[in-house]
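Positions are given from 1 along the sequence. Only this structure's heavy atoms are used, side chains among them; waters, hydrogens and symmetry mates stay out. Keep in mind that what you see is a predicted model, and the values were worked out from it rather than measured.
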Amino acid sequence: MALGPHGGKQGDESRRSPGGAGAPPGHFAMTTVYIPDRLDMQEARARAEEEEGQPRRRRRFAGSAAGGAGRPTRGVLLVALLAALGFFCYRVFSWVDDDLAAPRVAERLTQGLGQRVTVGQTVVEAGRALRLVLRDVELSGRLRIDEVRLSFTWVGVIRSVYSGDWAWNEAVVPSVDLAHTQVTALLDVLPRIMDRLPPSVSLVRAASIGFPDYSLLPGRHDLSLRRQEDGRLGPVLLESAASDGPLRMRLTPRAAGAVEFQADASRWRPLIGSGVVWTDLTATGYLGSHYLVVERFSAALLGGVIQGTAAAARDAEWVLTGTARASDLDLEAVFRQVRVAASAGSVPDTELRAPLTGRATLDLWLLGRAATLSEAIQQMAFAGPVRVRSAQLNGISLGQVAIVGTRADGVAAGMTRFSQLDAMMVVAGQRVVLTGIAGRAGALSVRGEIAAGSDLALTGEVRVDRGVRQAAESVTLRVRGTALAPVLSR
């Protein structure tokens with residue numbers, strides 16, 4: 001390596017020299033420094049912005065390309081949706097045309113309910129729900145209904161269309177009158193129908209049902225069967241439309257075709273007898289198409305209480321038997337009811353003076369026979385002993401009649417108070433007979449028999465015995481007049 005004049009390295013000197021290698025010491029070389037002006041700076045800035053915007057334009061282009069591809073996809077989805085809707089409508093109309101035709105409906109109901117069903121005509125009504133109206137419906141060849149309305153929710157329609165199983169949820173009968181033969185047919189099929197109803201059914205209702213052959217069920221009634229919260233069907237509810245005191249019955253099917261019932265009413269006026277109002281009525285029992293058993297019934301009537309049991313069965317004819325005990329009946333209320341029934345309510349109660357007052361207790365046996373149950377009830381006869389407590393005969397003094405007879409008008413004024421008054425009563429048809437009458441009024445004893453017909457006219461005789469010398473003091477009195485105005489004469 002060469003050394004400089006001062007013993008250093010020649011290369012180092014050349015680097016330190018401003019003129020570079022070979023330049024004389026003390027000389028400087030000229031250099032060029034680039035200083036950008038404003039135009040150059042603007043050009044550089046524009047180039048940077050252009051480079052920065054290229055990725056953004058690439059992304060925008062990619063998005064535009066994707067949007068262009070999406071428009072045909074949405075069109076395809078729309079076409080597919082319209083096709084699916086059209087196919088569904090086709091299936092619905094096909095279902096309506098085929099499955100909802102009368103023969104097909106009858107076939108489905110026959111299979112579903114396990115009973116032979118015929119349908120005369122079907123009509124489809126569309127709205128918030130689809131309604132299928134069945135006309136001229138006949139069940140088991142005995143129960144005929146003019147119109148039944150089956151309601152489907154639209155969800156149920158979709159399920160029915162695609163599964164082939166009906167999913168109707170309500171059945172309503174607008175109005176129907178059931179004769180005795182139709183009632184027995186309904187009792188025959190009711191337990192089996194309830195077992196076969198589809199799970200989708202939530203309500204079966206007859207909005208206005210009448211029983212023209214049953215005097216114990218007057219007026220119109222509402223029958224309903226609802227599915228409970230646990231999914232099981234509840235009891236059949238039968239409620240009368242009477243506003244003053246509706247009769248309510250709960251019907252629960254049991255084994256062997258029997259139907260248990262529980263009935264109650266605050267005011268019940270059966271269309272039998274003189275139209276007496278029964279209040280606070282309760283009854284329990286069971287029934288079938290050929291029998292009726294009332295295990296217990298009780299009610300308040302005529303100021304007293306009646307309790308009893310009854311049973312009816314059909315063989316060659318209907319036979320009705322039973323027992324009843326009526327206690328503490330107010331005889332004044334009894335005669336008032338007789339007066340109202342005889343005058344069709346046109347005579348005010350204030351015009352009535354009961355000929356006999358007191359509190360009566362009756363123990364009765366019931367018996368009826370007829371071709372139908374309703375006739376057996378209408379023609380029912382009852383008989384049993386009667387005892388009257390605190391009895392008082394108004395307007396007649398038996399002692400005066402026995403001693404001096406009656407006035408010229410045939411009336412013996414006064415009254416007779418009994419310490420004891422008993423009799424055996426028989427009521428059959430429209431005739432009431434009191435036999436074995438036995439009464440005591442002070443020193444008087446009374447024996448006799450009295451009968452009253454449908455016109456309330458009285459016939460009969462009573463014997464009045466006075467004091468110790470019974471044979472010498474016996475007087476026989478003839479009874480005439482009416483039940484509301486009796487007359488006794490010698």
Side-chain angles (χ1 to χ4, degrees), residues 109 112-115 117 137 139-140 142-143 145 148-151 168-180 182-211 213-214 216-243 245-268 270 278 280-299 309-312 373:
L109 291 177
L113 301 179
Q115 305 292 321
V117 179
V137 180
L139 183 63
S140 298
R142 292 187 295 166
L143 180 59
I145 303 175
V148 180
R149 300 173 182 174
L150 303 181
S151 296
W168 51 282
N169 64 325
E170 291 185 6
V172 177
V173 178
S175 179
V176 64
D177 288 320
L178 298 182
H180 172 71
Q182 293 177 303
V183 172
T184 58
L186 179 61
L187 291 175
D188 272 339
V189 302
L190 181 61
R192 285 171 283 178
I193 288 178
M194 291 182 65
D195 288 339
R196 301 288 292 270
L197 280 177
S200 61
V201 177
S202 60
L203 173 65
V204 177
R205 182 187 176 204
S208 177
I209 183 171
F211 303 95
D213 291 342
Y214 292 89
L216 297 180
L217 296 173
R220 310 299 295 179
H221 298 74
D222 184 286
L223 185 146
S224 62
L225 171 64
R226 298 179 184 275
R227 193 171 296 278
Q228 300 174 333
E229 294 182 356
D230 59 3
R232 295 182 300 177
L233 290 172
V236 178
L237 301 180
L238 181 69
E239 184 171 354
S240 69
S243 58
L247 172 68
R248 294 174 294 270
M249 294 185 67
R250 293 166 57 93
L251 304 172
T252 306
R254 290 293 182 248
V259 178
E260 291 185 0
F261 70 86
Q262 296 176 332
D264 64 86
S266 57
R267 289 176 56 85
W268 180 55
W278 296 43
D280 300 326
L281 168 71
T282 61
T284 59
Y286 55 93
L287 53 87
S289 60
H290 299 89
Y291 60 88
L292 167 66
V293 177
V294 182
E295 296 175 314
R296 181 182 181 275
F297 70 87
S298 66
T309 63
L373 177 58

**Q** As a test of understanding, state which of L292, V236, L238, T284 forms a side chain to side chain contact (heavy atoms under 4.5 Å, CB included) with F261.
**A** L292
**Q** Should the ring pair Y286 and Y291 be called parallel, tilted or perpendicular, given that the plane angle runs from 0 to 90° and is split at 30 and 60?
**A** perpendicular
**Q** Would you mind listing every salt bridge (Lys or Arg N to Asp or Glu O under 4.0 Å) that reaches into residues 226-238, with sequence neighbours excluded?
**A** D230-R232
**Q** Evaluate the criterion side-chain contact (heavy atoms from CB on, under 4.5 Å) for residue pair S208 and H221; output intermediate values, then yes/no.
**A** CA-CA 6 Å; S208 177; H221 298 74; over 6 Å; no
**Q** Taking side chain to side chain donor-acceptor pair (under 3.5 Å) as the definition, give me every residue that meets it alongside S298, ordered by chain and number, with sequence neighbours left out.
**A** T282
**Q** Between CG of L247 and CH2 of W268, what distance do you get to the nearest 0.5 Å?
**A** 7.0 Å
**Q** Are I209 and D177 packed together at the side-chain level, in the sense that at least one heavy-atom pair is separated by less than 4.5 angstrom?
**A** no
**Q** Rounded to the nearest 0.5 Å, what separates atom CG in L251 from atom CG in L287?
**A** 6.5 Å
**Q** Could you work out, with side-chain contact (heavy atoms from CB on, under 4.5 Å) as the rule, every residue matching V172, not counting sequence neighbours?
**A** none
**Q** Would you check if P174 and R149 make a side-chain contact, meaning some heavy-atom pair closer than 4.5 Å?
**A** yes
**Q** Under the side chain to side chain donor-acceptor pair (under 3.5 Å) rule, collect the residues that match up with S224, sequence neighbours excluded.
**A** none
**Q** Quick check for you: to the nearest 0.5 Å, what is the distance between T184 atom OG1 and L178 atom CG?
**A** 10.0 Å
**Q** Please round to the nearest 0.5 Å and tell me the distance separating atom CG of L233 and atom OG of S202.
**A** 10.0 Å
**Q** For T252, give me all partners under side chain to side chain donor-acceptor pair (under 3.5 Å), at least two apart in sequence or on another chain.
**A** none
**Q** If you measure from the Lys or Arg side-chain nitrogens to the Asp or Glu carboxylate oxygens, is any gap between D222 and R248 under 4.0 Å?
**A** no
**Q** Does the pair L237 and E239 meet the rule for a side-chain contact (heavy atoms from CB on, under 4.5 Å), with working shown?
**A** CA-CA 6 Å; L237 301 180; E239 184 171 354; over 6 Å; no
**Q** Over all heavy atoms of both residues, which pair between A171 and L150 is shortest? Give the atoms and the distance, please.
**A** CB-CD2, 3.6 Å
**Q** What is the minimum heavy-atom distance between Q228 and P235, and which atoms define it?
**A** NE2-CD, 4.0 Å
**Q** To the closest 0.5 Å, what do you measure between CD (Q182) and CZ (F211)?
**A** 10.5 Å
**Q** So, do H180 and Y214 have ring centers that fall under 6.0 Å from each other?
**A** yes
**Q** Quick one: list whatever passes salt bridge (Lys or Arg N to Asp or Glu O under 4.0 Å) with E260, sequence neighbours left out.
**A** R254
**Q** Do the non-hydrogen side-chain atoms of V294 and R296 ever get within less than 4.5 Å of each other?
**A** no
